[in-house]
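In what follows, residues are counted from 1 in the order of the sequence shown. Being a predicted model, the structure only gives us computed values, none of them experimental.
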Amino acid sequence: MCGIVGILARKGSIPPGILEHATRSLAHRGPDDSGTVLLHETQPEPIEIGLGHRRLSIIDLSPLGHQPMQDPITGSWIVFNGEIYNFRELRKELEALGVGFRSHSDTEVILAAYRVWGEAFLARLGGMFAFALWDAPQKRLLLARDPMGIKPLYYHQSEQNFIFASEVRTLLQTGLVPRKIDRTGVLSYLTFGSVCDPWTMVEDVKSVPAGHVLTVENGLVSSREYWNPLKLALRNRPQPSENGAETAQLPSILRDAVLSHLVSDVPVGVFLSGGIDSSALIAVLAQNGVRANTFSLVFAEEEFNEARYSREVARRFATEHHEIPISLQDTLATLPEALRAMDQPTIDGINTYLVSAKARAAGVKVALTGLGADEMFAGYSNFRRVPKMEMFSRRFGRLPRLARRPLAASLALFGGKGDRSRKLAALATADSVTHPYFVHPYFLMRTLFGVGEREELFSDNNFQASQQSLDRILQESVIASESLDPVNRVSYLESTFYMRNTLLRDSDFMSMAHGLELRVPFLDRALVEACFRIPGKKKLQGASPKSLLLASLGVELPPEIVNRPKRGFTLPFERWLRSEMKPVVADALAKADWAQTSISAGAVRDVWNRFLAGETSWSRPWSLFVLARWCEKNL
């Protein structure tokens, strides 16, 4: 796991010191080693290419794993961030073809696989990755990102330069990217509480799409998709059956996914919350003779302490268990550091920062997490709610618009002044022609600020243009998932939006802020493909949540784990914003330079006052506070 950066200068040369400075800005992602290389090409046009790398040594800890790494045969270069879990299998295939290796790193395998198989090798990689490869013979730059978007990769293109990096902040550190806000990025943040791919918070900085390879050649940039879970799942989906043929292979696929994520030359731990997801990982490991090292946060305050659940799982499966004590006061004191660690603003992620800091301090360098299980095995309440709302929306949509308005007003009146009633009223009055955003109610459930509220907040005259840009991305995702059943459609949308833009992105920069690698076995490519082939109704069967996952473990989890109410790692932000943090947040919201974000200062005051009056949730003023802090630091 590492940090990468690169500059391709098409006119002139890379200014002295910029590449080194940008590479140093990624030191937190790779504290073990660093390297840069400067390349010069004269044909077909004179260009200069600089590649920078910061290394967190996980596989092949020797100097032979140093990057940037060159292919000695072709002269090509690579900078790579991630882990290829099947690199040993690929290496054996390549060795059978006569390929020799100098190191034991997965990076060298990528270089050799590209030399032998070309871009087709991307479909064979199992793991999480973002890399840049300079193809010396073809004089072209390739950027590739893993299928699920676990690892980030951003780029900026101007007339003079093409720049890429693992973090948006690193692009800004080069001084070659204007520090200007992206209005659609801001709007997507107000919509979902995180910036929606491919936008970022910075104008003209975009994200390489998940499952895509981007090519820069002769000054032209092109992109193609090399993997799509829906296309593969639909192509290989078995005929529906009553005997469970669709799920018969799931236990072995799950086992292989979890065990493959243990590939490492340093010890691997497991974050254990005591919920179903992390407990399932422990169960699979125990079933296969692996005694896991588990790590759990233990709060001093009893109302937040869930230690009895993690202790029971650790006892049941005989793990080497470590408890990390913490208090809410410690957490509150850590918030300024967590805010500074955000590569892009987000209303989530504080929990990941906290547990990552404590785990790294305890000596952990790699940890497995249960992220992705809810999306693959229908763990959220959205999997039951959204299909019902979808039916409601279709029926309601058949009514004339004039008939919808009084019904919507009634929903708002009897629902009170809370956020949920506003969402229901918005769903009832939605017009799929003027607002394609409402084509699927999933987006309504994940919305932070409703479309009317966003219009009030967004003082820029280009609100409609930015909203339409966002609508197009949402619409494309709905169209792409039309052939799925309602439950699997929610799975696809959750994976594409909330998981990728919030959970995975937050997990990446919040863990890498401490030089900690987080791995997500439930997002193994083979497991994802298998889950999308299973009919959605099978995922909702059974009395227990995620019963399909539980049935695939080969062992029962303790009843108190299975039957406990679903509860995320929550912190008392509501209480803090009304007490300890109130003056800090109020001051930041009042003094922020909202003009640079195209947000109305008056509308911000209204959000804060509605929160103080108990008419809106804490997440809304918190999101504006986070945005203000991020802009202050980065723009």
Report task. Report the C-alpha distance between V109 and I84 in whole Å, list the side-chain angles of each, state the deciding distance to 0.1 Å, and finish with yes or no for side chain to side chain contact (heavy atoms under 4.5 Å, CB included). Result -> CA-CA 9 Å; V109 170; I84 307 302; 5.9 Å; no
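- Taking the six-membered ring wherever Trp is involved, the centroid distance between the rings of Y353 and H514 falls below 6.0 Å.
- Taking the side chain as every heavy atom from C-beta outward, L527 and F522 approach each other to under 4.5 Å.
- The shortest distance between side-chain heavy atoms of L153 and F164 falls below 4.5 Å.
- Counting only distance, with no hydrogens or angles, the side chain of Q287 and the backbone of G554 share a donor-acceptor pair below 3.5 Å.
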Requested in this report: In sequence, state the C-alpha distance, the side-chain angles, and the governing distance for K11 and N161, and then conclude on side-chain hydrogen bond (donor to acceptor under 3.5 Å, both in side chains).
Outcome: CA-CA 8 Å; K11 297 182 179 181; N161 303 302; over 6 Å; no
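- With 3.5 Å as the limit, one finds a donor-acceptor pair spanning the side chains of S103 and E108.
- Of the possible polar contacts, one joining the R10 side chain to the S158 backbone as a donor-acceptor pair under 3.5 Å is found.
- For F162 and Y155, the ring centers sit closer than 6.0 Å to each other.
- At least one donor-acceptor pair closer than 3.5 Å links the side chain of S296 to the backbone N or O of L272.
- When all heavy atoms of I473 and P198 are compared, the closest pair comes out as CD1-CD, 4.2 Å.
- Not one N or O on the side chain of N288 forms a donor-acceptor pair closer than 3.5 Å with the backbone of R255.
- Checked against side-chain hydrogen bond (donor to acceptor under 3.5 Å, both in side chains), D106 has no partners two or more places apart in sequence or in another chain.
- Applying the ring-ring contact (aromatic ring centres under 6.0 Å, His included) test to F87 and every residue at least two apart in sequence or in another chain returns nothing.
- No donor-acceptor pair under 3.5 Å is formed between the side chain of R102 and the backbone N or O of L64.
- The residues D508 and R29 are annotated as salt-bridged, a charged nitrogen and a carboxylate oxygen being separated by less than 4.0 angstrom.
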Query raised in the report: Can you check side chain to side chain contact (heavy atoms under 4.5 Å, CB included) on V290 and L259, steps first, answer last?
Result: CA-CA 9 Å; V290 178; L259 295 181; 4.3 Å; yes
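- In this structure, L523 and L371 have side chains that are in contact, with non-hydrogen atoms separated by less than 4.5 Å.
- Listed by first and then second residue, the side-chain hydrogen bond (donor to acceptor under 3.5 Å, both in side chains) pairs involving residues 110-132 are D71-R115, E93-R124, Y114-D135, Y114-R140, E119-R224 (not counting sequence neighbours).
- For the residue pair W134 / Q70, no side-chain donor-acceptor distance below 3.5 Å is found, with atom types taken as modelled.
- The distance from atom NE2 of H104 to atom OG of S62, rounded to the nearest 0.5 Å, is 7.5 Å.
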Requested in this report: Evaluate the criterion side chain to side chain contact (heavy atoms under 4.5 Å, CB included) for residue pair L518 and F271; output intermediate values, then yes/no.
Outcome: CA-CA 9 Å; L518 292 188; F271 283 172; 3.5 Å; yes
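- With 3.5 Å as the limit, one finds a donor-acceptor pair spanning the side chains of Q67 and T107.
- When all heavy atoms are compared, the tightest approach of G30 to R54 is O-NE, 3.0 Å.
- The side-chain heavy atoms of F80 and L133, taken from C-beta on, include no pair separated by under 4.5 Å.
- Side-chain contact check for T294 and T319: at least one donor-acceptor pair (N or O, by modelled atom type) lies under 3.5 Å.
- Interatomic distance, CG of L281 versus CD1 of I276, reported as 12.5 Å (0.5 Å rounding).
- Side-chain atoms of L172 and N634, non-hydrogen and from C-beta on, do get closer than 4.5 Å to each other.
- Heavy-atom minimum distance, S194 versus T346: CB-OG1, 4.5 Å.
- Evaluation of the ring-ring contact (aromatic ring centres under 6.0 Å, His included) rule for Y492 yields no partner, not counting sequence neighbours.
- When atom types are taken as modelled, the side chain of S188 and the backbone of C196 share a donor-acceptor pair closer than 3.5 angstrom.
- Among pairs with a residue in residues 80-91, those fulfilling side-chain hydrogen bond (donor to acceptor under 3.5 Å, both in side chains) read R91-E95, at least two apart in sequence or across chains.
- For D32 (side chain) and L56 (main-chain N/O), no donor-acceptor pair under 3.5 Å exists by modelled atom type.
- L250 and A530 make their closest contact through CD1-CB, 4.3 Å (heavy atoms, listed as atom of the first residue, atom of the second, distance).
- Side chains of T23 and T36: a donor-acceptor N/O pair is absent below 3.5 angstrom, by distance only.
- Using a 4.5 Å cut-off on side-chain heavy atoms (C-beta onward), D348 and Y498 make contact.
- In this structure, a donor-acceptor pair under 3.5 Å is absent between the side chains of D524 and H261.
- The minimum heavy-atom distance between D506 and G349, with the atom names listed, is OD2-N, 3.6 Å.
- At a cut-off of 3.5 Å, with distance as the only test, a side-chain donor of S469 or R472 sits close to an acceptor on the other residue.
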Per-pair distances, 0.1 Å, donor-acceptor, side chain in residues 206-220, under 3.5 Å, sequence neighbours excluded:
{"unit_1": "S207", "atom_1": "OG", "unit_2": "R145", "atom_2": "NH1", "d": "3.1"}
{"unit_1": "S207", "atom_1": "OG", "unit_2": "D197", "atom_2": "OD1", "d": "3.4"}
{"unit_1": "H212", "atom_1": "ND1", "unit_2": "A210", "atom_2": "O", "d": "2.9"}

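- With R505 contributing its side chain and N501 its backbone, the two residues share a donor-acceptor pair below 3.5 Å.
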Query raised in the report: Please walk me through it: do K539 and C531 pass side chain to side chain contact (heavy atoms under 4.5 Å, CB included)?
Result: CA-CA 9 Å; K539 298 180 182 180; C531 286; 4.2 Å; yes
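- Remark: I282 CD1 to L553 CG distance equals 11.5 Å, nearest 0.5 Å.
- Counting only N and O atoms by type, the side chains of E167 and H28 include a donor and acceptor under 3.5 Å apart.
- Put simply, the side chain of S25 gets close to the backbone of A22: a donor and an acceptor are under 3.5 Å apart.
- D146 has no carboxylate O lying under 4.0 Å from a charged side-chain N of K151, or vice versa, which leaves the two without a salt bridge.
- The minimum heavy-atom distance linking S260 with V263 is given by the pair O-CG2, 3.2 Å.
- Within a 6.0 Å sphere centred on NE2 of H322, other residues, nucleotides and ligands contribute more than 12 heavy atoms.
- In this structure, L26 CG and R55 CZ are separated by 16.0 Å, a value rounded to the nearest 0.5 Å.
- Defined by atom type and a distance below 3.5 Å, a donor-acceptor pair is missing between the side-chain atoms of T496 and S477.
- Looking only at side-chain heavy atoms (C-beta outward), Y226 and P147 come within less than 4.5 Å of each other.
- Taking the side chain as every heavy atom from C-beta outward, L549 and L254 approach each other to under 4.5 Å.
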Report task. Could you give me the CA-CA distance, side-chain angles and deciding distance for K365 and E517, then say whether salt bridge (charged side-chain N to carboxylate O under 4.0 Å, His left out) is met? Result -> CA-CA 6 Å; K365 204 171 185 180; E517 174 177 298; over 6 Å; no
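- No donor-acceptor pair under 3.5 Å is formed between the side chain of R169 and the backbone N or O of Q344.
- Annotation: the span from R519 atom CZ to L262 atom CG amounts to 8.0 Å, rounded to 0.5 Å.
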